[in-house]
Amino acid sequence: MTILPRSYYLNPDVAFLAKDLLGKCLVTQFDGKLTSGMIVETEAYAGVTDKASHAYGNRRTVRTEVMYSIGGTAYVYLCYGMHSLFNIVTNREGIPDAILIRGIVPDEGTGIMLQRTGKDSVTKNFGIGPGNVSKALGIHYSHTGLDITRKTLKKKDTGIWLEERGFVVDPGKIQITTRIGVQYAGEDASRPYRFVLH
DNA sequence: CGGCCGATCCACT
DNA sequence: GTGGATCGGCCGA
């Protein structure tokens with residue numbers, strides 16, 4: 001098990017990284033409870049040039065400021081007033097690229113994840129959908145800005161990080177489509193920036 | 001300061 | 001296939 005290092009997230013090609021994240025393992029540990037899952041669906045958001053991005057046109061607000069952080073930082077925000085959506089900031093500091101994690105296959109801590117989601121069994125679609133990812137892994141919008149390149153935060157038993165566990169992705173099982181819910185983004189809505197591992 | 005709306009999910013038909 | 005839940009952030013006044 002290798003924690004993905006800072007250098008991994010500095011890649012300037014956000015679409016490449018979004019695709020490369022498929023098969024990696026997303027791990028969280030809060031209050032000593034460790035949960036994880038393999039990433040099977042992502043979406044790339046290409047900073048200032050992408051109308052679907054919150055940072056389009058170099059837009060800076062209190063919420064989007066964290067997108068300008070160095071690659072390897074968590075960007076979590078609230079959608080529809082009830083869903084915390086987890087994104088990974090990529091590229092060097094000042095370039096607001098980000099990748100939305102849309103789906104995982106649960107691995108460790110399934111009991112904890114069932115408890116968090118209120119489900120009684122891990123069904124096929126458990127962990128699919130960006131809101132479900134955060135719910136299962138216990139990610140909250142207050143976690144925005146977290147450094148995800150190291151395991152612990154201020155000695156507390158807390159953190160979000162990614163691991164390379166040697167899972168070999170069959171390129172033929174990767175589906176590339178346009179992104180969900182970005183019809184407002186004009187021509188950028190047709191960018192092939194959604195990656196699904198089947 | 002107030003109104004609008006979103007990178008959604010689920011229960012129900 | 002559809003509508004209701006539910007609220008912080010953003011923008012315009």
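Atom set for the values below is all heavy atoms of this structure, side chains included, hydrogens, waters and symmetry mates excluded. Lettering follows sequence order; numbering is per chain, from 1.
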Chemist: Name every residue in residues 184-198 of chain A that has at least one heavy atom under 4.0 Å from any atom of DNA chain C, in order of residue number, or write none if there are no such residues.
Modeler: none
Chemist: Count the heavy atoms of every other residue, nucleotide or ligand shown that sit under 6.0 Å from CG of A:Asp170, and state whether that count exceeds 12.
Modeler: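 Yes, enclosed.
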Chemist: Under 3.5 Å, which donor-acceptor pairs link side chains of residues 11-27 of chain A to any protein atom two or more places apart or in another chain?
Modeler:
unit_1, atom_1, unit_2, atom_2, d
A:Asn11, OD1, A:Asp13, N, 2.7
A:Asp13, OD1, A:Ala15, N, 3.3
A:Asp13, OD1, A:Phe16, N, 3.1
A:Asp20, OD2, A:Tyr8, OH, 2.6
A:Lys24, NZ, A:Asp20, O, 3.1
A:Lys24, NZ, A:Glu164, OE1, 3.2

Chemist: Please give me the minimum heavy-atom distance between A:His143 and A:Gly138, naming the atom from each residue.
Modeler: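 Distance-wise, the nearest heavy atoms are CE1-O, 3.4 Å.
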Chemist: Out of curiosity, A:Gln29 CD to A:Ile160 CD1, how far, rounded to the nearest 0.5 Å?
Modeler: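 Spacing of CD (A:Gln29) from CD1 (A:Ile160) equals 11.5 Å.
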Chemist: Surrounding NZ of A:Lys173 (heavy atoms of other residues, nucleotides or ligands, distance under 6.0 Å), is the total greater than 12?
Modeler: no
Chemist: Taking atom CD1 of A:Ile148 and atom CZ of A:Arg6, what is their separation to the nearest 0.5 Å?
Modeler: 8.5 Å
Chemist: By a strict heavy-atom criterion of less than 4.0 Å, which residues belonging to residues 41-64 of chain A are in contact with DNA chain C?
Modeler: A:Arg59, A:Thr61, A:Arg63
Chemist: Taking only residues two or more places apart in sequence or in another chain, which ones pass side chain to side chain contact (heavy atoms under 4.5 Å, CB included) with A:Ala136?
Modeler: A:Met113, A:Thr117, A:Phe126
Chemist: In this structure, are over 12 heavy atoms from other groups packed under 6.0 Å from A:Glu108 atom CD?
Modeler: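 More than 12 heavy atoms, drawn from other residues, nucleotides or ligands, come within 6.0 Å of this atom.
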Chemist: Give the residues of residues 103-133 of chain A touching DNA chain C, defined as any heavy atom closer than 4.0 Å, sorted by residue number.
Modeler: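 Going residue by residue through residues 103-133 of chain A, none turns out to have a heavy atom under 4.0 Å of DNA chain C.
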Chemist: Could you report the tightest heavy-atom contact between A:Ala52 and A:Arg179, atom names first, then the distance?
Modeler: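 Closest pair (atom of A:Ala52, atom of A:Arg179, distance): CB-NH2, 3.7 Å.
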Chemist: With distance as the sole test, does A:Thr144 use its side chain to make a donor-acceptor pair with the main-chain N or O of A:Val76 at under 3.5 Å?
Modeler: yes
Chemist: Indicate every side-chain donor-acceptor pair of residues 81-90 of chain A with a distance under 3.5 Å to a residue at least two apart or in another chain.
Modeler:
unit_1, atom_1, unit_2, atom_2, d
A:Ser84, OG, A:Tyr141, N, 3.2
A:Asn87, ND2, A:Tyr75, O, 3.1
A:Asn87, ND2, A:Leu85, O, 3.3

Chemist: Of all of residues 82-93 of chain A, which get a heavy atom below 4.0 angstrom from DNA chain B, listed by number?
Modeler: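 DNA chain B contact set from residues 82-93 of chain A: A:His83, A:Leu85, A:Asn87.
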Chemist: Using a 4.0 Å heavy-atom cut-off, does A:Ile180 contact any base of the nucleic acid, only the sugar-phosphate backbone, or nothing at all?
Modeler: sugar-phosphate
Chemist: Work out which heavy atom in A:Thr28 is nearest to a heavy atom in A:Arg116; give both atom names and the distance.
Modeler: OG1-NH1, 4.5 Å
Chemist: Determine whether the aromatic ring centres of residues A:His140 and A:Phe30 are separated by less than 6.0 angstrom.
Modeler: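 Between A:His140 and A:Phe30, which both carry aromatic rings, the centre distance is not below 6.0 Å.
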Chemist: Between B:dG2 and C:dT6, how many Å separate the two P atoms, rounded to a whole number?
Modeler: 23 Å
Chemist: Looking only at non-hydrogen atoms, find the nearest pair between A:Tyr9 and A:Gly71 and report the distance.
Modeler: CB-C, 3.5 Å
Chemist: Not counting sequence neighbours, which residues clear salt bridge (charged side-chain N to carboxylate O under 4.0 Å, His left out) with A:Arg59? List them please.
Modeler: none
Chemist: Is there a donor-acceptor pair closer than 3.5 Å between any side-chain N or O of A:Thr64 and the backbone N or O of A:Met67?
Modeler: no
Chemist: With a strict under 4.0 Å distance from non-hydrogen atoms of chain A, what nucleotide opens and what nucleotide closes the contacted stretch of DNA chain B, reading 5' to 3'?
Modeler: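 The protein-touched segment is B:dG6 to B:dC10.
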Chemist: Hey, is the main chain of A:Gly131 close enough, under 3.5 Å, to the side chain of A:Ser134 for a donor-acceptor pair?
Modeler: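 No, the answer is negative, given that no donor and acceptor are paired below the 3.5 Å cut-off.
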Chemist: Could you provide the dot-bracket string of DNA chain B, using ( ) for intrastrand pairs, [ ] for crossing pairs and | for bases paired to another strand, with Watson-Crick or G-U pairs below 3.5 Å?
Modeler: ||||||.|||||.
Chemist: If you draw a 6.0 Å radius around CZ in A:Arg92, do more than 12 non-hydrogen atoms from other residues or ligands fall strictly inside?
Modeler: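 Not more than 12 within 6.0 Å, no.
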Chemist: Keeping the roles fixed (side chain from A:Glu43, backbone from A:Ile180), state whether a donor-acceptor pair exists under 3.5 Å.
Modeler: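 Flag set: sc A:Glu43 to bb A:Ile180 pair under 3.5 Å.
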Chemist: Could you list the protein-to-nucleotides 1-3 of chain C atom pairs, N/O on both sides, closer than 3.5 Å?
Modeler:
none

Chemist: Which residues end up grouped with A:Leu10 if you chain together Ile, Leu, Val, Met, Phe, Trp and Tyr wherever their side-chain heavy atoms are less than 4.5 Å apart?
Modeler: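 Hydrophobic cluster check, A:Leu10: joined to A:Ile70.
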